[in-house]
Structures are given as structure tokens and as C-alpha cells.
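In what follows, a structure is listed as C-alpha cells, so that the remarks can point back to it.
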There are 4 protein chains.
Amino acid sequence: MPSEPSAAGRPRDPDLSGRLMTAALEEYTRTGWASFSMQGVARRAGVGKSALYLRWATKELLLVDSLESVTRPLVMDPNTGSLHGDLLEVASSLLQFYLGPVGWVTMRVAMDIAVEEPELHAADLDAYQTKVVGMHRAAISKILTSAVERGELNAGADKRSMASCLFGGVVVHSMALSPSERERACADPRAEMESMVAFVVRGIRPEPSSGPGPAVLESGDADGLRLQELL
Amino acid sequence: MPSEPSAAGRPRDPDLSGRLMTAALEEYTRTGWASFSMQGVARRAGVGKSALYLRWATKELLLVDSLESVTRPLVMDPNTGSLHGDLLEVASSLLQFYLGPVGWVTMRVAMDIAVEEPELHAADLDAYQTKVVGMHRAAISKILTSAVERGELNAGADKRSMASCLFGGVVVHSMALSPSERERACADPRAEMESMVAFVVRGIRPEPSSGPGPAVLESGDADGLRLQELL
Amino acid sequence: MPSEPSAAGRPRDPDLSGRLMTAALEEYTRTGWASFSMQGVARRAGVGKSALYLRWATKELLLVDSLESVTRPLVMDPNTGSLHGDLLEVASSLLQFYLGPVGWVTMRVAMDIAVEEPELHAADLDAYQTKVVGMHRAAISKILTSAVERGELNAGADKRSMASCLFGGVVVHSMALSPSERERACADPRAEMESMVAFVVRGIRPEPSSGPGPAVLESGDADGLRLQELL
Amino acid sequence: MPSEPSAAGRPRDPDLSGRLMTAALEEYTRTGWASFSMQGVARRAGVGKSALYLRWATKELLLVDSLESVTRPLVMDPNTGSLHGDLLEVASSLLQFYLGPVGWVTMRVAMDIAVEEPELHAADLDAYQTKVVGMHRAAISKILTSAVERGELNAGADKRSMASCLFGGVVVHSMALSPSERERACADPRAEMESMVAFVVRGIRPEPSSGPGPAVLESGDADGLRLQELL
DNA sequence: AGCTAATCGAGACGGTACGTCGTGTCTTTTC
DNA sequence: GAAAAGACACGACGTACCGTCTCGATTAGCT
């Protein structure tokens, strides 16, 4: 959604906005935020800077729009009929997303927003945080609501905490993978998420009967938490 | 802890590092990350740029050190006797940490490391990651080990997923708070974390009595996930 | 006199040329030549740039037309009966002209033409030069011709040098005046030119009685003229 | 004379100012004032823009200094013993100067000064006008003063007008030459100036005896004043 | 005491990006 | 079918900061 176009005069090139957002994402993923520049995006897209500034006043706004444009297609409304199935769907989707460059960018921008003083570009970027990251957490929340309807979850449960745990778990997991693990996760995200979803679902079940016993979690390797695994 | 000083030659001004970190914090709190510049810090401190570059190679490292220097150490060694109590201690400490500017920067740098190509700055930043996140890692490892000893957690459990969920949950929670919620969370971080920790502990308990539910679906096909092709 | 309008198609807004020239003059007087821009004129007039470029190819041409439109024609056809009187008339007219903004721009453009490579803009600008400077040329030619008829000037005289001296003298004089002298010159241009014209007329008089003086030296060698080698 | 250098800190590269001025002149003569840009000068010299802006705040000041640096060597203090000889020396020197690119530039800048609003860069550029163009006119004035001492000129003569006429005549002449005439003038500037100097000297002589007679001027061609000849 | 070696202020330097502005061309709609 | 309006590629503006560098002036410990 670039800024309001006008009626009279030469109309804007309809393809250009898309090309610019694509170029912006390429630029960002290649160089990171620190070297993300309007100049660079224009260069990469083979256009003048005016074409950019006509549509987006700052590079933040450009990046936000660009991210949104590729995030939107991520439909997060599974309906497998079970809490476990729904969460597995969403979790593996999210993992796939945050393993890709757009996911990286999304998290980094979200962080930049969190770091930024509120009075600065707050208005511009807050909407983004709500839209993109919030969307993901909202998807999980929705699944939890369905679970309440099916009786799989107490109505009074803290759905926000649950959603944060799963969402955060996925994100942190995606960041902590070694290159070889990364490859494996890309190849089969559902298998990658199976264990974590099972863990979360177990926490979600409304009323656990007491009786402790041996867990059936098949673990990962139990060699303690390496630094990379933690973060 | 600025970079290794040398033996011979004129010794460093012992006060200067402190003055520079103070100036860095003033600069950061006044203008935010976006306008945080080495030049600005030097200007504010009334020194040349060399005094900065002799101690810190990048502004990230400077800021991290500066923030660290004013942060009291987290409570990372709880011993409440129960898994729930220990995790609540750690979770609230982490929340407190990631609500403050030190936590923001820490996450930012961690993300930069995760995203960065391994060959770039790896040596520089890995040391940092170890330093800052090290205590978190040690604390969580210790808690989980204690839980295994107490029989609250199966030795073969996927500790990695559990840690990711708790850690990620706390971080995401801290990022998603509105200003007013933020204030509340700062005031009483334990209350803020109570619900999430309870949820996690429930998931951790070793053996659920009943079956895991009808979660045998093979997950349909990922309709709506055109993400990969869009990148 | 904007460039040739066409017959068919949408007719030009008859008022627009005038409005544009007015806007150009406002812009020029407000900001000076350095910040005189087509864009600024278009903005001030509230029209698109095409309306300007359809009529004037360059901002010089626009400004010249605009200035011309508000300038009364010079007195360039004197007939006082004497060479001195005629030249005084023309010289003071020229002085007046080159003291005003129209004269400035005229000289600027003339210099651009003289400096420019012949193949560049030659066609465009030659027409302009003819139009603006044409009357000066006609007037001076006529005066010199009359002087020949009256016997005040030898038919074989180097009229070119004479004209250059007078014309150049006036222009240089107009450029070298201090603000206060400028004011005085505008108030009474004839008095300002009296001395110079007298000097020129003395040189023009056909035949000096005595010898030309001891000017037979072959001029030494040009010590101190290292200019050419320095370029 | 770039702006005041400082005491402390790394000293300025002593050669750089010269290289920059050379690059500036190259740039100007190649492209004219309209396309004369700091950026272009920096590019040509292979330096950053900071090196330019450190020394000259505006491109006008840069150009002025650059011109001065090549104008200074033009020693204009002939001493042939006669008015005619002195003037011929100076006139041919000036002609040579104004036929070259530096001369073009000098005149154009002088015009820009005359055109500019007084309150703008007036302080900056006025000095230049006085220094460079004034220097040339002053040289002529000095010769005239010597002529007064030798009795070749009335003490009460309007030396300013005379200087303007000769100076202006030379400049206008240099601008009005066709390419072929230009070549001829460069080859032998004294011959080119002979006629004009003779004309001026005749005007200068203190008291003409009456008696008209046939001029000895060997004219140019007498076919009227073509436009180019006038300007 | 003289030497060596580092610190430190200061600032030059080659780069690069900022966001604004102006250029001249091009592509539409409007009359 | 030209006029008019705005999009567009291009590039300069002057400022700011980057990280490296070269200075001079300190300020120690080591011969």
C-alpha cells in the first residue's frame, strides 16, 4: 500500500511497486538493516530514487510494505479437527517462514521496533508489528479458541501465554539451528516441530490426572544445552 | 570490558572507559539506536574517535558493554526446591532483562549473529554471545538437571524444545507488551510470568495418564503456503 | 514570443503564456538567477512543467521573454546630427539596458553561445542572439555609416574595433559599478557615458596631424606570460 | 587560499588543494558552469567530497580560488617606454588570456557575480571580481598613469573609461571571433590587437590638432558589422 | 637521562547514504 | 490530436557518519 496515488497525469507504473518491494527484500536479506538503503534498493531495481520516495517516505515504510506483501499469502487457518493437528500445521508453517530470509527480516524489524523510542516512527511501525508478528500469534490464539469449543482447553486458560510460548519457541528454535539442522528442518518442518508441539499440547490439556510416570518424549540428544541451542 | 589493553607504552586513562560508556548511554537514551553513532559519543564525551576505536571495534560492542556496566546481574541461580519455583525465578529475571534496554540490544546482536554469514565477524561476535547469554544458558541447564534429579523430568526429555519454548515465550512476551502492560510487568515480573510458567510446567510433567488425543492426522497438504515460491 | 504554436488539436490557453511569464518574473526577482528553476516557475504558476517546456526550451529563453515583455524598447535610432551626439544616445541606452536584469541575462546567454561548442544548441540560441542583439547592431551600423557620410569617419576605418571598444566599454563599465555608482548611472546614463564617448570620438576622428609617436618597438618578449603553458 | 586550516590533528595533504583546483578547472572548461559540480570535481580528482567541502564551502569559492591560482602568473607590468607599446603588450596578453578556457571562465564568473543578488554570496564573490577582473583593468590604468608621467596623456583624463574601453574591446573582440579568426589571433595576438590599440591611442593623445584628413587605419573588411563582430 | 611504545585529542581522508530538488523525457487523460 | 499533468530515470545538493589514517603531545616503563 504505497502512499495515495493521484488521478490526473501519467499513471504510476502498475508493476513498479511490486518490483521495488521485491528489490527491497533482496537488498535487506543480502545486507541486513544496517546497510539497507533507499539508494541501494533503487540501484538494484534499476530505477531512480524518486520512484521510491514517491511511494514511501522512509525506508522503514518501504520495508514494512515489502514484508507485508510476502507475508499475506501465508494462510494460517488450518482445520484438521484436533488441537494437535492444528498446532502442528501452524508451527511448521511458521518454522518454514522463519527459516527463510523474509522471516529473518520480519523478526529483525520487529526488534528494531521494540528497540526504537516510542515517540519515533512509532505510528508507522507499530501497525506493522501488530499486523505481521501479531498475525502469527493471533493464528495460534484462534486455534486455541477452537480448542476451547471442542473441550480440549479450559475456557479460562491464558491463551496469550500459550501462544507466546509456541510462537517464541518456533522462532528461537529456527534461530538456533546449525546449518545441517537447518537443512533437515527445511526438508520436513512437520517432523521438526512434532516434539515441541507435543510438549505444548501436553501443557494445554485441561486437567491432568495426577500419577507421575516416565515421559514418552523421545528427546533430542540429552547432552545439555549448547549455546546455539539455547538461543 | 574493552578489548585487551597492552603492557608497554602509556597506560590507558583508567577513568576514560567509564566516561565513554556513560556518554554512550546518554547518547543512546537520548536519540535511540537509529541515531546512535560513534562520532556522537566521542563528541559528547569530548574525546577523539581514537579513544573509542581503541576500545570497541563497533558501536554494537560499545553499547553492549555500556549497558552491561549499569545492569545488576540477573538472579539466575534459584533454588526454591521445585521446578515451578525455579522456572518462575528464572523466567521473571529474564523478563526483567528483556524489558530493559540491555535485553533489547542483546537480542538485536544475537539476531545479527544468527542472520550473519558465518564467515563475517563470527570471531568477534561469538565471544560476545558467549559472554552475555552464557549465564542464561547455565541457569536453565542447571534447573532442568535439578528437575531430572527430583524426578520431575524424564532424563530423555526434549530439553531443547522446552528451553526454547520458555526462553522464546519470555522474549516474545516482552516484545509484544503495550506500554501500560510493560509498566505493569516491570513492577511485578513474577506475577506476569506465573501463568506462562504454570503452563510450561504442566507440559513438562513426565507422564500424562490418558492417551495423547486423536493427533494421528498426516496433516493434509499445506494449502495456502506459497511462501517458499514467493521468495 | 513562445515557440511556434500549432494549428490542430487542443488550442493553447491564451492567458497561460502571460501567467507563466509573470510567474517567471516573480520567481526571478524573489530568488535570483541561481535558484531560478523551471520547476519553481511551474509550481508558482500552479501548472505542470510541460506547459513551460512546450513554450520555452530552456530557462534562459523563458526568462529573456519574460523580461522583454515588461521592458520598453531602447532608444536605438538617434539622429542628433553629430557623431558625438549619436554615440552618446546609443551608449547611454546600452548602459541603461545592461544595468537592468534584461541586459544581464542577455549577456549571460550571449556568453553561453560564444563559449559553447558550435554544434551544441547553435540553432536554438542563434535565433535568440539575433533577436535580442539585433537592434544594437543595426543602430551602431547606422551611426557609423552616417559618420562616414558626414566625413567624420574614413570609409576604410576599422569599424569593427571601434564598435567593440564602445560596446565592450559600456558593458564592462556596467559590470564594474559599485551599488552606489550603479544608482547614479541609472539616474543619469548620459552623464555617465559622456566621458567615454568623448574619448571614443577623439579616437575616431579621421586624421591626426602629428606622427603616431615612437611606437615602433617590436614589443620585447612576453616575459611573465606563462599562462598558456599553465593550462 | 582554502579556508583557515587548523593547528591540531592530522595536517592537510599539502598537494591536495592544488590537485583539486586543477581538477576544478578541467571540469569547468570541459562542461561549463551549468554542469560544474562538486561531485564531478571530486570524482575527477579521485577524492571524497569531504576533501572539497573541507576547503571550500561552495562551488563558487572553489572556482574562484582555482581561477586565481592560474591567473596570478599573468604578469601585466610591461615597460616598453611608450604608451602604444605598453598597451599593445597588455592588450595582446589579455587577448591571449580571454581566448583560452580560463579566460572564458573568468568572464562567466564575473557575469554571474554581476547578476547575483547582492545579499547572496556577495561577500564571497565580490572579492573575486575585484581581484581578477579588477586586476586586468588596473593593469591598464597603471599604464595610463605612466603615460601621464611621460606627458602622453592629460592628467585629468578619465582613465577609468579608457581602461574599460580597451579591456571591454579586447574581451568583446575575443568573444566575437569566428573559429578561423580565433586561430589566427592565437597565433599572433599582437598583430590582432594592433589596430584596436592604435585606435585607442589616438583617442588618448592629449590634444589633437584639428585638421581632418584620411585615416591610416587599414580597416578590416568594410562590409558592415555582422552580428558576430558586434558581440 | 634517553629510548621506546602506547594513549589520546584532533582532524584529514575516501567513501557512502541521507532526503530534497531540478532536469528533460515519456505516458497518460482531458479538452 | 495537441495540451496539460504527473511519473520517471538521473544525478547534484550539502550534511553526516563510517572506519582508517596521520599528526603532535603526552606518559609511562625499560634500559
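So you know, we letter chains A, B, ... as the sequences are listed, proteins then strands, and number each from 1.
- Between the CH2 atom of D/Trp56 and the C1' atom of F/dT15 there is a distance of 19 Å, rounded to whole Å.
- Atoms CG (A/Leu16) and C1' (E/dC26) sit 14 Å apart, rounded to a whole Å.
- Of the two residues near DNA chain F, C/Val47 and B/Arg10, the one whose nearest nucleotide lies more 5' is C/Val47.
- Annotation: salt bridge (charged side-chain N to carboxylate O under 4.0 Å, His left out) contacts of A/Arg10 (sequence neighbours excluded): none.
- The distance between atom CZ of D/Arg12 and atom C1' of E/dA10, rounded to the nearest whole Å, is 13 Å.
- Nearest-nucleotide assignment on DNA chain F puts the 5′-proximal partner with C/Gly46, out of C/Gly46 and D/Ala57.
- Closest contact between the side chain of A/Met38 and the listed nucleotides F/dC13, E/dC18, F/dC18 involves E/dC18.
- If you measure from atom CG of C/Leu52 to atom P of F/dA5, you get 10 Å, rounded to the nearest angstrom.
- Using cut-offs of 30° and 60° for the angle between ring planes, the B/Phe36 and B/Tyr28 rings count as perpendicular.
- If you check the side chains of B/Ser37 and B/Gln39, you find no donor sitting under 3.5 Å from an acceptor.
- Rounded to an integer number of Å, the gap from CZ of D/Arg44 to C1' of F/dA12 is 16 Å.
- Rounded to 10 degrees, the angle separating the terminal axes of the helix from E/dA1-F/dT31 to E/dC31-F/dG1 is 10°, with each axis obtained from five end pairs.
- For the pair D/Tyr53 OH and E/dG14 C1', the interatomic distance rounds to 15 Å; values are reported in whole Å.
- The CZ atom of B/Arg44 sits 13.5 Å away from the CZ atom of B/Arg19 when rounded to the nearest 0.5 Å.
- One finds the CE atom of C/Met38 at 11.0 Å from the OG atom of C/Ser50 (value rounded to the nearest 0.5 Å).
- Atom CG in D/Leu54 sits about 13 Å away from atom C1' in F/dA16, given to the nearest Å.
- Side-chain proximity of D/Arg43 to the nucleotides E/dC13, F/dA12, E/dA6 is greatest for F/dA12.
- Counting to the nearest Å, the C1' atom of E/dG9 and the CZ atom of B/Arg19 are 11 Å from each other.
- The residue C/Ser50 sits close to a base: some heavy atom pair falls under 4.0 Å.
- The structure places CG of B/Leu25 at 5.5 Å from CG of B/Leu67, a figure rounded to the nearest 0.5 Å.
- Residues D/Pro11 and B/Ala45 each lie close to DNA chain E; by heavy-atom proximity, the contact nearer the 5' end of the strand is made by B/Ala45.
- Judged purely by distance below 3.5 Å, without hydrogens or angles, the side chains of A/Arg12 and A/Ser17 never pair a donor atom with an acceptor atom.
- Between the CG atom in B/Asp65 and the CE atom in B/Met21 there is a gap of 6.0 Å [rounded to 0.5 Å].
- The side chain of D/Gln39 lies closest to F/dA12 when the candidates are E/dG14, F/dA12, E/dT20.
- Set against E/dC8, E/dC13, E/dT20, the side chain of A/Lys49 has E/dT20 as its closest nucleotide.
- Taking 4.0 angstrom as the limit, C/Arg55 places a side-chain polar atom (N or O) nearer than this to OP1 or OP2 of F/dA4.
- For C/Ala51, whose side chain is taken as the heavy atoms from C-beta onward, the closest listed nucleotide among E/dG22, F/dC8, F/dA4 is F/dA4.
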